[in-house]
Amino acid sequence: MDELEKLFERYLQSNIFRNREILLPDYVPDKLPHRDEQIKRLATILAPALSKSKPNNVFIYGFTGTGKTAVTKYVLKRLGSKGEDRVLFAYVNCRQSNTNYRVLAELSRAVGRRVPFTGLSTSEVMSRFVEGLDKLDKVMIIVLDEIDHLVKKSGDDVLYFLTRINQQLKRSRLSLVGITNDLRFMEFLDARVRSSLGEEELVFPPYNSRELEDILRRRAEKAFNKDVLEPSVIAKVASIAARQNGDCRLALDLLLKAAEIAERRGDVKVTEEHVSLAQKEIERNLVVDITKSLPLHVKLVLASIYMLEKERARNLTTGMIYNRYVELSRVIGIDPVTQRRVSEILNELDMMGIINARVVSLGRYGRTKIISLSVPKNSIKEGLEEDLLLLGLADMVALG
DNA sequence: AATCCACAGGAAGTGCTGGGCG
DNA sequence: CGCCCAGCACTTCCTGTGGATT
């Protein structure tokens with residue numbers, strides 16, 4: 001038996017997993033524990049669709065991993081099975097479709113109008129959508145998940161259009177379900193859009209440690225073989241996730257990764273130690289992946305921050321970082337972007353959670369951003385390494 | 001109390017890509 | 001074919017500002 005064969009063999013007779021898929025992020029269980037209240041309220045709000053009247057628009061808030069998407073999909077599925085002939089759904093993830101055009105194009109496709117992914121004017125797509133929808137003679141419910149991403153990027157034009165569309169419809173009706181984890185999101189909206197979208201509001205509270213434990217236990221029962229989890233594992237995973245705003249997705253991922261680590265090592269039981277390792281790996285992978293996929297100038301800005309921090313410079317300001325960035329650009333012979341742009345890049349990095357940037361006033365010494373890395377230096381280094389080598393900057397940056 | 005630094009961050013515009021439409 | 005469109009990354013020009021120092 002060669003090496004590969006041994007490896008495959010080990011997977012075949014995994015003594016840890018019974019059904020690994022149950023822990024994957026897009027697995028939808030047939031029961032959603034501890035969300036009964038939210039399910040009931042959403043169902044009550046949307047039920048009028050069954051009698052062909054327009055349900056109120058709904059706004060759903062809650063941190064990541066509190067079950068917003070799962071509950072919404074669940075309710076829609078159940079609703080659909082009762083009234084397929086009258087109700088039509090569309091689910092749009094605005095993180096992926098984060099421009100006006102893309103959202104409208106997806107919606108048009110949902111009502112059976114073919115639309116190219118670029119080329120048409122937005123208003124053209126709008127009218128195709130209206131026409132397609134009205135012809136269907138149905139109540140349509142549109143779910144805009146992570147709606148804050150759309151608005152931050154492209155404004156609320158589409159929302160304005162969608163909230164007023166009913167006036168143009170003769171036979172069909174349209175309702176919106178907006179989902180976000182940004183609690184201050186509503187402030188960005190036009191007052192008319194705000195009042196229309198906020199007809200109903202639904203808040204998803206974070207899961208507490210006990211609830212997370214319960215959920216994990218139910219999943220673990222199906223996902224793992226008997227007695228492979230040490231008794232304290234679930235409690236530990238739950239308490240870590242509870243601290244992260246009760247993020248259930250994180251909890252499941254943590255459990256999955258911990259079990260995978262145990263399996264890879266050939267251990268027979270998943271222990272708390274595996275969980276700790278998994279926690280570090282998740283964090284590291286996330287940062288490394290994000291860093292690797294950054295555009296060149298963003299990488300150079302990040303490399304500048306990395307260098308300065310390594311040199312133990314304190315209280316990094318936009319100006320300091322910009323100077324360093326310009327130097328690096330000169331060394332590799334490319335035109336640097338303007339400070340205005342770098343200021344924006346710093347905001348972007350802050351939003352991604354890689355750095356911490358807060359605006360402060362230093363009185364006489366001006367107003368600026370104070371910046372620090374908010375992830376381990378080594379993760380940044382690992383993410384940048386490949387490019388720095390290619391650019392011949394490796395020595396310079398690494399030595400600092 | 002007035003000043004003034006070192007930027008923040010809004011608005012508008014440019015040049016480019018990748019794709020319509022007639 | 002020529003012209004139009006949206007999106008993106010970026011520039012140019014700009015006005016605004018908290019608070020240590022004068």
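Treat the numbers as computed from the prediction; the structure is a model and nothing was measured. In the text below, chain A, chain B and the rest are named by the order of the sequence lines, each starting its count at 1.
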Item to check | Nearest-Å distance for atom pair CG/P, residues A/Leu120 and B/dC21 | outcome: 5 Å
Next on the checklist: Students often get this wrong, so: under 4.0 angstrom with heavy atoms, is A/Thr122 touching a base, only sugar-phosphate, or nothing?
Outcome noted: sugar-phosphate
Checklist entry - Does A/Thr318 place a side-chain N or O at less than 4.0 Å from the phosphate oxygens OP1/OP2 of B/dA8? => result yes
Checklist entry - Mapping A/Lys369 and A/Gly366 onto DNA chain B by nearest heavy atom, which one lands closer to the 5' end? => result A/Gly366
Item to check | Backbone N/O of A/Thr271 and side chain of A/His274: donor-acceptor pair under 3.5 Å | outcome: yes
Checklist entry - For A/Ala105 and A/Val115, which heavy atoms make the closest approach, and how far apart are they? => result CB-CG1, 4.0 Å
Next on the checklist: Measuring from the side chain of A/Asn98 (C-beta onward, heavy atoms only), which nucleotide among C/dA9, C/dC8, B/dG18 has the closest atom?
Outcome noted: C/dC8
Checklist entry - Between B/dA6, B/dG9, C/dG7, which one does the side chain of A/Tyr101 approach most closely? => result C/dG7
Checklist outcome for this item: Closest non-hydrogen atoms of A/Leu294 and A/Ile354, given as atom of the first, atom of the second and distance, are CD2-CD1, 4.4 Å
Checklist entry - On the ring face of A/Tyr27, is A/Arg219 found with NZ or CZ under 6.0 Å from the centre and within 45° of the axis? => result no
Item to check | Spacing between A/Arg114 atom CZ and B/dG19 atom P, to the nearest angstrom | outcome: 13 Å
Next on the checklist: Any side-chain N or O of A/Thr338 below 4.0 angstrom from OP1/OP2 of C/dC10?
Outcome noted: no
Next on the checklist: Looking at every non-hydrogen atom in both residues, tell me the closest pair between A/Asp190 and A/Arg192 and how far apart they are.
Outcome noted: OD1-N, 2.8 Å
Checklist entry - Think A/Ser154 has a side-chain N or O under 4.0 angstrom from the OP1 or OP2 of C/dG7? => result no
Checklist entry - Side-chain donor or acceptor of A/Arg367 under 3.5 Å from a matching atom on the base of C/dG19? => result no
Next on the checklist: Classify A/Glu124 by what it touches in the nucleic acid, base, sugar-phosphate, or nothing, heavy-atom distance under 4.0 Å.
Outcome noted: nothing
Item to check | Gap between atoms CZ and C1', on A/Arg340 and C/dG16 respectively (whole Å) | outcome: 13 Å
Item to check | Rounded interatomic separation in angstrom, taking CG from A/Leu346 and C1' from B/dA6 | outcome: 14 Å
Checklist outcome for this item: The bend of the helix from B/dA1-C/dT22 to B/dG22-C/dC1, taken between the axes of its five terminal pairs at each end and rounded to 10°, is 30°
Item to check | Candidates C/dG19, B/dG19, C/dC10 - which lies nearest the side chain of A/Thr118 | outcome: B/dG19
Checklist entry - What does A/Arg102 touch in the nucleic acid at a heavy-atom separation under 4.0 angstrom: a base, only the sugar-phosphate, or nothing? => result sugar-phosphate
Checklist outcome for this item: To the nearest angstrom, the CG-P distance between A/Asn347 and C/dA9 comes to 15 Å
Item to check | Rounded distance (Å) that lies between atom C1' of C/dC8 and atom CD1 of A/Ile345 | outcome: 13 Å
Checklist entry - Which atom pair, heavy atoms only, marks the closest approach of A/Ala251 to A/Leu212? => result CB-CD2, 4.4 Å
Next on the checklist: Can you tell me if A/Thr99 touches the phosphate of C/dA6, counting only side-chain N or O atoms and a distance under 4.0 Å to OP1 or OP2?
Outcome noted: no
Checklist entry - Could you state the CD-C1' distance from A/Gln339 to C/dC13, rounded to the nearest angstrom? => result 15 Å
Next on the checklist: Would A/Lys73 and A/Tyr91 count as a cation-pi pair here, with the cationic atom under 6.0 angstrom from the ring centre and within 45° of the axis?
Outcome noted: yes
Checklist outcome for this item: Heavy-atom closest pair (A/Ile355 atom, A/Leu346 atom, distance to 0.1 Å) is CD1-O, 3.5 Å
Checklist entry - Between B/dC4 and A/Arg364, is there an OP1 or OP2 to side-chain N/O distance shorter than 4.0 Å? => result no
Checklist entry - Looking for any heavy atom pair under 4.0 Å, which part of the strands does A/Arg128 touch: base, sugar-phosphate only, or nothing? => result sugar-phosphate
Checklist entry - What is the distance from CE of A/Met351 to P of B/dG9, rounded to the nearest Å? => result 12 Å
